[in-house]
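A short worksheet on the structure shown next.
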Amino acid sequence: MFKKVLAVTLAGVLMAGMTACGGGNKTEPVTTKAAAAEPESKDHSPEASGESHEPVTISMWWPGSGEGYEQLAKGMADLVHDTYDWITVDYLVIPWGDYDSKMNVAFAGGTAPDIFGVGMNPLPNYVQTGNLLELENVLPEDWDGWTDIPQNVLDCATYDGHFYGVMMCDVRPMIYRKDLFEKAGLTDVPKNKEELWDYAKKLTERGEDGKVTLAGFQIQTTGYADQTLFFVSLMHGQKQLWDDNYNLLLLEPTMIDAMEYTKRFITEGLCDYSDAAVGTSDFASGKAAISLSTSCNELGNIRGTLGLDKIGVAAPPTDKGSNFLGGTIVSVNNKSSHMEATMLAYEVMTGTKGCELAGLCAGFCPPRESALKAYVAQNPEIYGVVAEILPSAKTYGPLNPYFSDFRNIALLPWMEKIYYGKIDVREGLENAIRDYDEARKQRDADN
């Protein structure tokens with residue numbers, strides 16, 4: 001099956017993009033031992049197989065923070081040991097802010113874990129270190145993941161013709177406050193960019209000083225501003241932020257229209273730039289009525305603050321209801337000293353029950369169709385919508401080795417100037433492309 005995936009990839013139909021979902025999920029406690037109680041499908045113990053194995057300990061690192069991620073890592077370690085009693089998994093959960101630097105030090109020192117999570121956008125840079133195992137050469141041709149995982153999810157972990165892991169998915173639905181909709185007399189969800197604008201005007205609230213106290217539509221004006229821009233670009237008919245050669249498409253008419261549309265939320269007073277609701281925690285705390293930026297694994301925080309009874313989830317008002325797809329890719333160190341045990345553990349962690357754990361503990365949308373039933377059962381009205389969006393979700397374009405330059409050097413500084421009215425949209429985007437191209441040349445020269 002992967003040969004078909006590889007052929008498509010080499011033909012240039014590779015997809016991918018954006019940041020890993022990270023951050024401190026706090027989900028309702030689940031018993032990871034209970035979730036892991038049943039073996040994957042058969043008894044792999046030495047007694048059952050007639051084989052004898054020396055005990056082996058392998059290591060796993062997972063990026064993130066909070067109880068949900070700790071439960072996920074422990075649950076996967078338990079699941080592996082329950083399936084292969086001679087394999088023990090030592091796990092470590094590391095906050096996103098420290099994760100990449102610690103991984104780089106570990107790679108350089110030869111102490112990197114056997115299995116580890118990788119953010120989707122940094123994946124090309126991890127590949128360039130030469131430490132990631134090309135899994136299409138190791139996983140069997142009849143591995144059930146080739147057919148159980150949607151093609152767009154497989155593509156997100158495929159770079160330069162090689163497959164590097166199963167991605168635990170971050171899907172971005174449209175999330176809205178049902179109680180605030182009812183208060184504003186709104187009985188349906190917006191179906192297009194015009195309706196979204198009208199809804200935002202009706203839902204926005206201001207204090208006596210005129211500042212926004214409730215944003216009708218949460219836009220991200222700092223940090224991950226590219227996320228809102230991508231969602232809005234999809235509403236305007238723009239499918240990618242760069243082409244297959246990593247050249248930015250910011251001057252396409254649809255992109256300029258998307259940027260003008262986003263800017264209007266600030267210039268017309270629907271979102272105060274300095275006090276904007278810019279993070280998923282702001283939506284969770286009630287400072288926005290609609291968000292397209294809240295990751296599906298942030299629903300655990302919303303459950304603990306607003307309560308899921310106040311939340312509605314719908315497909316975004318875009319073509320086929322598509323929106324951003326990202327996540328954490330479970331990858332393998334190609335220098336593992338226990339490769340047999342590592343691959344056995346990997347197949348368990350990324351199998352149906354491992355993917356169920358990702359959805360039940362940390363709130364990821366499971367990549368496997370066989371794991372969606374347990375995920376949706378948590379709350380069908382909410383998680384069912386997320387599961388339906390998964391096969392049509394998109395990324396910014398092909399996995400881009402210059403992504404950090406795109407976000408931090410090119411886009412964010414010029415978007416800020418555009419939002420503040422210091423430069424018009426076209427000129428700002430022209431300057432962003434110029435700075436991006438210069439950063440690419442410098443990065444290529446350094447490498």
Side-chain angles (χ1 to χ4, degrees), residues 21 23 25-28 68 150 152-153 168-184 186-193 195-196 199-200 202-203 214-220 227-228 230-232 234-235 277 279-327 358-367 369 371-394:
C21 47
N25 298 286
K26 188 172 183 180
T27 60
E28 289 292 315
N152 59 331
V153 178
M168 304 304 174
C169 299
D170 171 15
V171 182
R172 306 293 174 93
M174 179 170 67
I175 301 180
Y176 62 97
R177 290 279 302 276
K178 291 191 293 186
D179 55 336
L180 296 177
F181 271 47
E182 182 178 353
K183 178 181 176 182
L186 301 171
T187 59
D188 200 0
V189 294
K191 299 296 193 299
N192 52 52
K193 60 182 182 294
E195 288 189 5
L196 179 61
Y199 275 47
K202 292 177 181 178
L203 291 163
L214 174 75
F217 171 50
Q218 173 183 311
I219 68 169
Q220 293 186 297
Q227 295 183 14
T228 296
F230 182 58
F231 309 144
V232 174
L234 289 173
M235 286 195 294
T280 56
S281 60
D282 290 312
F283 180 85
S285 63
K287 296 181 181 178
I290 305 174
S291 174
L292 288 168
S293 303
T294 301
S295 61
C296 61
N297 64 353
E298 179 69 13
L299 289 170
N301 282 342
I302 295 173
R303 175 190 291 139
T305 54
L306 296 174
L308 292 185
D309 58 312
K310 294 182 179 179
I311 301 301
V313 176
T318 60
D319 181 37
K320 297 181 180 179
S322 62
N323 206 340
F324 170 71
L325 172 63
L360 297 175
C361 295
F364 290 105
C365 181
E369 294 178 11
L372 289 175
K373 182 178 180 180
Y375 172 73
V376 171
Q378 298 175 99
N379 189 315
E381 290 187 3
I382 289 179
Y383 294 104
V385 175
V386 177
E388 289 176 1
I389 293 172
L390 177 63
S392 63
K394 302 177 183 297

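Every side-chain contact (heavy atoms from CB on, under 4.5 Å) that Asn192 has, sequence neighbours left out, goes to Glu194, Glu195. Under the side-chain hydrogen bond (donor to acceptor under 3.5 Å, both in side chains) criterion, Lys183 pairs with Glu205, not counting sequence neighbours. Taking the side-chain hydrogen bond (donor to acceptor under 3.5 Å, both in side chains) definition, one finds that Asp179 meets it with Arg177, sequence neighbours left out. Partners of Lys373 under the salt bridge (Lys or Arg N to Asp or Glu O under 4.0 Å) rule, at least two apart in sequence or in another chain, do not exist in this structure. The side-chain contact (heavy atoms from CB on, under 4.5 Å) search around Asp188 returns Lys191, Tyr199, not counting sequence neighbours. Applying the side-chain contact (heavy atoms from CB on, under 4.5 Å) rule to Ala314 yields the partners Met174, Tyr176, Val189; only residues at least two apart in sequence or on another chain are considered.
Residues Pro317 and Leu292 approach most closely at CD-CD2, 4.4 Å, considering heavy atoms. The shortest heavy-atom contact between Val313 and Pro173 is CG1-CB, 3.5 Å. Of all heavy-atom pairs between Gly359 and Tyr375, the closest is CA-CD1, 3.9 Å. Between Lys394 and Ser322 the shortest heavy-atom distance is CE-OG, 3.3 Å. Nearest approach of Phe181 to Ala289, heavy atoms of both residues: CE1-O, 4.1 Å.
How far NZ of Lys193 is from OG1 of Thr318: 11.5 Å, rounded to the nearest 0.5 Å. A distance of 7.5 Å separates CG in Asn152 from OG in Ser392, rounded to the nearest 0.5 Å.
More than 12 heavy-atom neighbours from other residues, nucleotides or ligands sit within 6.0 angstrom of NZ on Lys178.
Side-chain contact between Leu360 and Gln378 is present, with heavy atoms from C-beta onward closer than 4.5 Å. Contact annotation: the side chain of Leu186 approaches that of Leu203 to within less than 4.5 Å [non-hydrogen atoms, C-beta and beyond]. Using a 4.5 Å cut-off on side-chain heavy atoms (C-beta onward), Pro316 and Leu234 make no contact. In this structure, Cys169 and Leu325 have side chains that are in contact, with non-hydrogen atoms separated by less than 4.5 Å. Proximity of Pro367 to Met168: side-chain heavy atoms (C-beta onward) are separated by under 4.5 Å at one or more points. Residues Ile290 and Ile175 form no side-chain contact, since every pair of their non-hydrogen atoms from C-beta on lies 4.5 Å or further apart.
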Got a list of side-chain donor-acceptor pairs under 3.5 Å for residues 380-391, not counting sequence neighbours?
from   : atom 1 : to     : atom 2 : distance (Å)
Tyr383 : OH     : Arg303 : NH2    : 3.1

